[in-house]
Visitor: 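Before we start, here is the structure in question, set down as structure tokens.
Labels below follow one simple rule: chain letters A, B, ... track the order of the sequence lines, proteins then strands, and each chain is numbered from 1.
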Amino acid sequence: MKNSDYSNIKNKLKKYKVTPFQEKVLLATLEIPKGRTLSYKVLAEKIGHPKAFRAVGTALKKNPLPLTIPCHRVIKNNGEIGNYSNGGNVKKRKLLINEKAIA
DNA sequence: CCCGATTCCCCGC
DNA sequence: GCGGGGAATCGGG
């Protein structure tokens with residue numbers, strides 16, 4: 001992992017029309033380890049909004065970097081896949097899951 | 001004002 | 001003890 005890459009992503013985020021809250025969510029999502037999934041609630045708690053789990057999902061929905069941000073690693077607190085709908089196709093999810101399987 | 005990638009609690013059986 | 005349903009919560013358009 002290159003720190004420069006991470007910074008580059010943050011820079012891109014600033015360029016996008018993302019809200020402060022979304023930026024936080026996206027950053028927290030980028031912190032998700034490879035082959036690991038995180039629940040919306042845990043993510044919300046990490047950013048300081050334990051009750052904003054819903055807003056977190058909304059923020060990820062607006063995710064400007066779906067291929068950069070592992071939003072597919074974000075799942076329900078139940079451990080089940082939520083409503084991942086980036087481009088809106090299950091095929092993409094399968095591809096991302098493949099990445100997850102590599103761990 | 002309304003909706004949306006969720007979560008938790010309470011009641012019933 | 002387990003399952004299901006409804007309400008709560010936060011942010012964005």
Side-chain angles (χ1 to χ4, degrees):
Chain A
M1 304 157 186
K2 291 163 258 178
N3 293 333
S4 309
D5 260 23
Y6 187 76
S7 249
N8 180 37
I9 295 162
K10 284 198 293 189
N11 182 28
K12 266 191 169 187
L13 234 50
K14 290 246 176 188
K15 190 183 176 201
Y16 281 82
K17 223 66 171 114
V18 288
T19 59
F21 192 74
Q22 199 187 66
E23 194 178 301
K24 252 174 163 180
V25 176
L26 298 171
L27 226 55
T29 308
L30 288 165
E31 287 196 71
I32 300 177
K34 193 174 166 196
R36 185 77 175 195
T37 46
L38 207 65
S39 47
Y40 294 95
K41 205 209 162 174
V42 179
L43 200 62
E45 274 214 50
K46 265 169 195 341
I47 63 178
H49 285 260
K51 291 291 206 166
F53 40 78
R54 260 264 199 128
V56 171
T58 307
L60 283 169
K61 217 246 171 206
K62 302 160 179 184
N63 183 337
L65 301 163
L67 301 161
T68 315
I69 291 163
C71 45
H72 51 278
R73 283 187 195 154
V74 186
I75 53 157
K76 293 194 182 182
N77 196 21
N78 226 41
E80 294 284 306
I81 302 294
N83 253 309
Y84 179 76
S85 39
N86 231 317
N89 60 339
V90 184
K91 199 169 185 169
K92 197 172 228 177
R93 180 168 81 161
K94 193 180 169 189
L95 199 73
L96 295 162
I97 285 171
N98 176 34
E99 178 201 314
K100 194 167 70 170
I102 297 167

Visitor: Starting at atom CD of A/Gln22, determine the distance to atom P of B/dA5, rounded to an integer number of angstrom.
Guide: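 In whole Å, B/dA5 P and A/Gln22 CD are 15 Å from each other.
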Visitor: Taking side chain to side chain contact (heavy atoms under 4.5 Å, CB included) as the definition, give me every residue that meets it alongside A/Val42, ordered by chain and number, with sequence neighbours left out.
Guide: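 A/Val42: side chain to side chain contact (heavy atoms under 4.5 Å, CB included) contacts with A/Leu38, A/Ser39, A/Lys46.
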Visitor: What is the separation between atom CG on A/Leu26 and atom P on C/dG11, rounded to the nearest whole Å?
Guide: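 My rounded result for the distance is 15 Å.
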Visitor: List the steps and the verdict of side-chain contact (heavy atoms from CB on, under 4.5 Å) for A/Thr19 and A/Gln22.
Guide: CA-CA 5 Å; A/Thr19 59; A/Gln22 199 187 66; 3.3 Å; yes
Visitor: Give the intermediate values and the outcome of side-chain contact (heavy atoms from CB on, under 4.5 Å) for residues A/Lys76 and A/Lys41.
Guide: CA-CA 8 Å; A/Lys76 293 194 182 182; A/Lys41 205 209 162 174; over 6 Å; no
Visitor: If you measure from the P atom in B/dC2 to the same atom in C/dA7, how many Å do you get, rounded?
Guide: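 These two P atoms come out 16 Å apart once rounded.
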Visitor: Are A/Leu26 and A/Asn63 side-chain neighbours, meaning at least one heavy-atom pair lies under 4.5 Å?
Guide: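 The answer is yes, as the side chains (C-beta and beyond) meet within the 4.5 Å cut-off.
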Visitor: I need the residues from residues 44-58 of chain A with at least one non-hydrogen atom less than 4.0 Å from DNA chain B; give them sorted by number, or say none.
Guide: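 When residues 44-58 of chain A is checked for heavy atoms under 4.0 Å from DNA chain B, the hits, listed by number, are A/Phe53, A/Arg54, A/Gly57, A/Thr58.
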Visitor: A/Ile9: what forms a side chain to side chain contact (heavy atoms under 4.5 Å, CB included) with it, not counting sequence neighbours?
Guide: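 Partners of A/Ile9 under the side chain to side chain contact (heavy atoms under 4.5 Å, CB included) test: A/Leu30, A/Leu65, A/Thr68.
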Visitor: To the nearest Å, give me how far apart CD1 (A/Ile75) and C1' (B/dT7) are.
Guide: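 Nearest whole value for this atom pair: 14 Å.
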Visitor: Does the side chain of A/Ile75 reach to within under 4.5 Å of the side chain of A/Tyr84, using non-hydrogen atoms?
Guide: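 SC-SC contact between A/Ile75 and A/Tyr84 ruled out.
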Visitor: Would B/dA5 be called syn or anti, given that syn covers angles within 90° of 0?
Guide: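 Glycosidic conformation of B/dA5: syn.
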Visitor: Using distance only, find each side-chain donor-acceptor pair of residues 48-56 of chain A under 3.5 Å and give its atom names and separation, not counting sequence neighbours.
Guide:
none

Visitor: Can you tell me how far P of B/dA5 sits from NZ of A/Lys41, to the nearest Å?
Guide: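 That distance rounds to 20 Å.
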Visitor: Write down the distance between OH (A/Tyr84) and C1' (B/dG4), rounded to a whole number of angstrom.
Guide: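 For the pair A/Tyr84 OH and B/dG4 C1', the rounded distance is 17 Å.
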Visitor: Measure CG/A/Asn77 against C1'/B/dA5 and give the value in whole Å, please.
Guide: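 Computing the A/Asn77:CG to B/dA5:C1' distance gives 14 Å.
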Visitor: Below the 4.0 Å mark, does C/dG11 have OP1 or OP2 next to a side-chain nitrogen or oxygen of A/Lys61?
Guide: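 No, outside the criterion.
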Visitor: From CG of A/Asn83 over to C1' of B/dC3, roughly how many Å is that when rounded to an integer?
Guide: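 Distance check: A/Asn83 CG to B/dC3 C1' gives 13 Å.
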Visitor: For a 4.5 angstrom cut-off between non-hydrogen side-chain atoms, does A/Pro70 reach A/Lys34?
Guide: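 The answer is no, as the side chains (C-beta and beyond) never meet within the 4.5 Å cut-off.
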Visitor: Which dot-bracket notation, 5' to 3', represents the base pairing of DNA chain B when pairs are defined as Watson-Crick or G-U with both distances under 3.5 Å, crossing pairs as [ ], and inter-strand pairs as |?
Guide: ||||.||||||||
Visitor: Could you tell me which residues satisfy side chain to side chain contact (heavy atoms under 4.5 Å, CB included) with A/Asn11, sequence neighbours excluded, listed by chain and number?
Guide: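 A/Asn11: no side chain to side chain contact (heavy atoms under 4.5 Å, CB included) contacts found.
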Visitor: For the pair made of CZ in A/Phe21 and P in C/dG13, what is the distance, rounded to whole Å?
Guide: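 Spelled out: CZ on A/Phe21 to P on C/dG13 is 13 Å.
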